[in-house]
Amino acid sequence: MTDLMKWFDSRRSPMDVIERLFEGEMGTSAIRVEEMVDGNTLVVRAELPGIDPEKDVDVTVTDGVLSIKAERQEKKEHKDKGGYRSEFRYGSFVRRVPLPSGVQQGDVTASYKDGVLEVRAPLPDQGQEAAASKIPITRG
C-alpha cells in the first residue's frame, strides 16, 4: 500500500505519475536501466542478474526505440525425509528506451557480463543533425 501511496503524492504532477508507470518504477517486474553517453556512444546498461542472455534476452531496435525483453524461469526443489518443498518464480520483463535520431540500427551492439546487459549505440555526428536545407518559397 505504501508503494501505491507514492504514486498519488500530491506534489507530483500527473505526467510524472504516468511516466513512472510506463518506466516501471512501481513494481519489481521492470528492468532497471542506466543511460549515459561515453564519448560519441550512447550506453544503456540493464540489470539482468541470473539470466542466460543467449536464451532469455531479446534486444531489438525498431523505429528508433531500443527494446530489451527478458524472461526468467526459476524453480527450486528441496526433498528430505520430513517432506518436500518447491518454489518457483517466473516472469517476462520489457524496457523500451528511445534512441536519438540518426542512430543506425546496424551499429548497435550488446554484451552481457556479471548480470549486466550493456547496449552501445554510436551517436551520429552533431554536424549531420544540424545540417538543414533551405526550402525555396514560390509566389503563387
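These numbers come from the heavy atoms of this one structure, side chains and all, not from hydrogens, waters or symmetry mates. Nothing here was measured: the structure is a model prediction, and the numbers come from that model.
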message = Is there a side chain to side chain contact (heavy atoms under 4.5 Å, CB included) between H78 and K76? Walk through the geometry before answering.
response = CA-CA 7 Å; H78 180 70; K76 295 180 183 178; over 6 Å; no
ask   = What is the distance from atom CG of D63 to atom OG1 of T60, rounded to the nearest 0.5 Å?
value = 10.5 Å
key: pair L66-V119: side-chain heavy atoms closer than 4.5 Å   = yes
task = Just do the side chain to side chain contact (heavy atoms under 4.5 Å, CB included) check on L48 and V116 with the steps written out, would you?
result = CA-CA 6 Å; L48 295 171; V116 177; over 6 Å; no
Atom pair CD/CG of E47 and L117 - distance to nearest 0.5 Å = 11.5 Å
task = Using modelled atom types only, decide if a donor and an acceptor are shared between the side chain of Y112 and the backbone of V57 within a distance under 3.5 Å.
result = no
request  = Check step by step if side chain to side chain contact (heavy atoms under 4.5 Å, CB included) holds for L123 and T41.
outcome  = CA-CA 5 Å; L123 298 171; T41 303; 5.9 Å; no
key: For the student: nearest non-hydrogen atoms of V103 and P122, plus distance   = CG2-O, 4.0 Å
query = When rounded to the nearest 0.5 angstrom, what is the spacing between CD in Q73 and CG in D52?
reply = 12.0 Å
ask   = Do E118 and R45 sit within salt-bridge range, that is, some charged N less than 4.0 Å from a carboxylate O?
value = yes
message = Tell me whether the count of non-hydrogen atoms from other residues, nucleotides or ligands lying under 6.0 Å of CD in E77 goes above 12.
response = yes
request  = Keeping the roles fixed (side chain from R72, backbone from P49), state whether a donor-acceptor pair exists under 3.5 Å.
outcome  = yes
ask   = Are I68 and V94 close enough that some pair of their side-chain heavy atoms sits under 4.5 Å apart?
value = no
task = Decide if atom CG of D80 counts as having more than 12 heavy atoms of other residues, nucleotides or ligands within a radius under 6.0 Å.
result = yes
inquiry  = Minimum heavy-atom separation for S86 and Y84, please, with both atom names.
reply    = CB-OH, 3.5 Å
request  = Establish whether V33 and M36 are linked, either directly or via other cluster members, by ILVMFWY side-chain heavy-atom contacts under 4.5 Å.
outcome  = no
request  = Please determine which of I31, V65, T62 meets the side-chain contact (heavy atoms from CB on, under 4.5 Å) test together with R96.
outcome  = V65
ask   = Step by step, would you call D38 with R120 a salt bridge (Lys or Arg N to Asp or Glu O under 4.0 Å)?
value = CA-CA 9 Å; D38 180 18; R120 296 178 143 299; 3.2 Å; yes
query = Which pair of non-hydrogen atoms, one from P124 and one from S101, has the smallest distance, and what is that distance?
reply = CG-O, 3.4 Å
Derivation of the side chain to side chain contact (heavy atoms under 4.5 Å, CB included) call for V61 and L99 = CA-CA 9 Å; V61 176; L99 297 173; 3.8 Å; yes
request  = Please determine if K69 and E71 form a salt bridge, counting it only when a charged side-chain N lies under 4.0 Å from a carboxylate O.
outcome  = no
